[in-house]
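These notes are about the structure you will find just below.
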Amino acid sequence: MLPEENGTEELDMFELKLSDSLLSDTVKALHASINEEWDSLQLSACQTAAGRALWKHMIHDPVADILAGENYLRNLHEKMKKDKLNNAREISGVILAVRTLWFDSKIESALHSFNSGENQVVLLGAGMDARAYRLSCLKESNVFEVDFPKLLQMKATLLQAATGFNNENEKLTLKAKSITRVAADITDDWLEKLQKSGFIPGRKTVWVLEGILYYLSHMDAMQVLKTIAADCALTHTVLLADFMNKSSTTLSPSTFHFYSDWPDHLLPTLGFSDVELSQIGDPDAHFGLMNDPLNLFNRLRKLPRSIQTHPDDGTPCCRLYLVKASVFPQQTIP
């Protein structure tokens, strides 16, 4: 099987190179405390960063390795090597790479749809996201990162540690107009804290919910979506989010809770409009990584979305929906 059929490049594309900064006593001690103190939801932020670091030939994230930590990098790298050597149709982390690239592209297109002027980008459940430091399209955007207090504090500490190794790392430069970290639990009073931190209702906003909704209870996830929908009534707003279907939550029932088999039907009932839904492998969610027609994602795309069990092998049809929803109110508050 050719590498292109795997959605991969040659094996050296996934070579693991651990920087001196990553192996420094300071950074290793910080990640030791992360592994001891964080729960599964918070640790998923490090797993995501590891994927972005190791798919570096597709995703340019100069601090992803430090945010991920050595353990998560080594674990994912071993899985990727085994997949490549076994000619697997899907290389570990490819779904994360495609998801990241999809969100990157949709953030850029959403900001372009605002034409010009100051705008806001809110990353709910921001985790170890570093888009404010890597996406030039954010140059006119005030970025707000909302997450647990201890996660945001640790992230800031790790980024500060990264700046101390300029001899080997690219200079860490803020690409966004500004960045504000908002310590809040998104199942609680996050909107009030967001507004107190400088968020302006009525200003054009992109809401980014990447890899977060399915960790929430149904009640909490719906409340988050309703809260954002209320802001949509004030100004041109774009929601970007990913949704698991019901079968996907069976992968880890104790971890994944909220699901929607039809998010393109759900969101309009909450006040969103112009809903666009994609699946991994669709033309806008491909990025040259889904060329094998027999990989898991392309096989699923051929089946009606209502089917929960694959007719060929009886396995659950685990789908990840990538959704963009826009609202254009008649009156926009300046």
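Between Gln195 and Pro201 the shortest heavy-atom distance is NE2-CG, 3.4 Å. Pairing each heavy atom of Ser197 with each of Lys193, the nearest pair is OG-O, 2.8 Å. Here the closest heavy-atom approach between residue Thr249 and residue Phe256 is recorded as CA-CB, 3.9 Å. Contact record, Met128 with Leu158: CE-CD1, 4.0 Å, taken as the closest heavy-atom pair. Closest heavy-atom contact between Pro283 and Arg301: CD-NH2, 4.4 Å. Considering every non-hydrogen atom in both Leu174 and Ala132, the closest pair reads CD1-O, 3.5 Å.
In this structure, the side chain of Asp220 does not engage the main chain of Leu216 through any donor-acceptor pair within 3.5 Å. When atom types are taken as modelled, the side chain of His31 and the backbone of Ile66 share a donor-acceptor pair closer than 3.5 angstrom. Lys204 contributes a side-chain N or O that, together with a main-chain N or O of Phe114, makes up a donor-acceptor pair within less than 3.5 Å. With hydrogens and angles ignored, the 3.5 Å screen pairs a side-chain donor or acceptor of Glu90 with a backbone N or O of Leu296. The main-chain N or O of Ser326 is found under 3.5 Å from a side-chain atom of Ser273 such that the two form a donor-acceptor pair. At distances below 3.5 Å, at least one donor-acceptor pair connects side-chain atoms of Asn298 with backbone N or O atoms of Met290. Remark: side-chain polar atoms of Asp242 are paired, donor with acceptor, to backbone N or O of Gly211 under 3.5 angstrom. Side-chain atoms of Asp65 do not come within 3.5 Å of backbone N or O of Ala53 as any donor-acceptor pair. Not a single donor-acceptor pair under 3.5 Å links the side chain of Ser278 to the backbone N or O of Ala285.
No side-chain heavy atom of Asn142 sits under 4.5 Å from any side-chain heavy atom of Thr180. Under the 4.5 Å side-chain criterion, counting only non-hydrogen atoms from C-beta, Asp185 is in contact with Phe148. Val27 has its side chain out of reach of Leu23: every pair of non-hydrogen atoms, C-beta onward, lies at least 4.5 Å apart. The shortest side-chain heavy-atom distance between Trp55 and Val98 does not fall under the 4.5 Å cut-off. Contact check for Ile179 versus Arg181: side-chain heavy atoms found under the 4.5 Å cut-off. The shortest side-chain heavy-atom distance between Asn119 and Leu111 falls under the 4.5 Å cut-off. Inter-residue side-chain proximity for Leu239 and Val208 is flagged as unmet; no heavy-atom pair is nearer than 4.5 Å. At a threshold of 4.5 Å between non-hydrogen side-chain atoms, the residues Leu54 and Leu16 count as touching.
Ring geometry, Phe243 versus Phe258: the interplanar angle falls from 30° to 60°, so the pair is classed tilted.
Remark: Glu192 engages Lys196 in a salt bridge (charged side-chain N to carboxylate O under 4.0 Å, His left out) (not counting sequence neighbours). Residues satisfying the side chain to side chain donor-acceptor pair (under 3.5 Å) criterion with Ser92, sequence neighbours excluded, are Asp83. Taking the ring pair (Phe, Tyr, Trp, His ring centres under 6.0 Å) definition, one finds that Tyr259 meets it with nothing, sequence neighbours left out. With sequence neighbours excluded, the residues satisfying side chain to side chain contact (heavy atoms under 4.5 Å, CB included) with Thr315 are His310, Asp313. Residues passing the side chain to side chain contact (heavy atoms under 4.5 Å, CB included) test with Arg305 are Trp262, Pro263, Asp264, Leu277, Gln279, Arg319, Tyr321, sequence neighbours excluded. In terms of the side chain to side chain contact (heavy atoms under 4.5 Å, CB included) criterion, residue partners of Glu108 (sequence neighbours excluded) are, by chain and number, His112, Cys137.
The existence of a salt bridge linking Glu210 and Arg131 is confirmed by a sub-4.0 Å separation between a basic side-chain nitrogen and an acidic carboxylate oxygen. Using a cut-off of 4.0 Å between Lys/Arg side-chain N and Asp/Glu carboxylate O, Lys155 and Glu145 are scored as salt-bridged. Under a 4.0 Å N-O distance rule, the pair Arg52/Asp61 does not qualify as a salt bridge. Between Arg74 and Glu78 no salt bridge is recorded (no basic side-chain N to carboxylate O distance below 4.0 Å).
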Evaluate side-chain contact (heavy atoms from CB on, under 4.5 Å) for Asp147 paired with Asp129, printing each intermediate quantity in order.
CA-CA 11 Å; Asp147 215 317; Asp129 191 291; over 6 Å; no
Given the rule in the salt bridge (charged side-chain N to carboxylate O under 4.0 Å, His left out) test, do Arg134 and Asp104 qualify, once you have shown the distances and angles that lead to the verdict?
CA-CA 10 Å; Arg134 66 180 184 84; Asp104 286 354; 2.9 Å; yes
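When the side chains of ILVMFWY residues are joined at heavy-atom separations under 4.5 Å, either directly or via intervening members, Phe297 and Leu294 end up in two distinct hydrophobic clusters. Hydrophobic clustering (ILVMFWY, side-chain heavy atoms < 4.5 Å, transitive): Leu270 and Met219 are in distinct clusters. Using a 4.5 Å cut-off between side-chain heavy atoms of Ile, Leu, Val, Met, Phe, Trp and Tyr, with links allowed through other members, Met80 and Leu96 fall into different hydrophobic clusters.
Other residues, nucleotides and ligands contribute at most 12 non-hydrogen atoms within 6.0 Å of the NZ atom of Lys82. Heavy atoms of other residues, nucleotides or ligands lying less than 6.0 angstrom from NZ of Lys79 number 12 at most. By the 6.0 Å contact criterion, NE2 on His218 is open, its count of non-hydrogen atoms from other residues, nucleotides or ligands being 12 or less. The number of heavy-atom neighbours closer than 6.0 Å to CG of Asp39, taken from other residues, nucleotides and ligands shown, is above 12.
The side chain to side chain contact (heavy atoms under 4.5 Å, CB included) test with Gln120 is passed by exactly one of Val206, Val143, Thr237, Ile200: Ile200.
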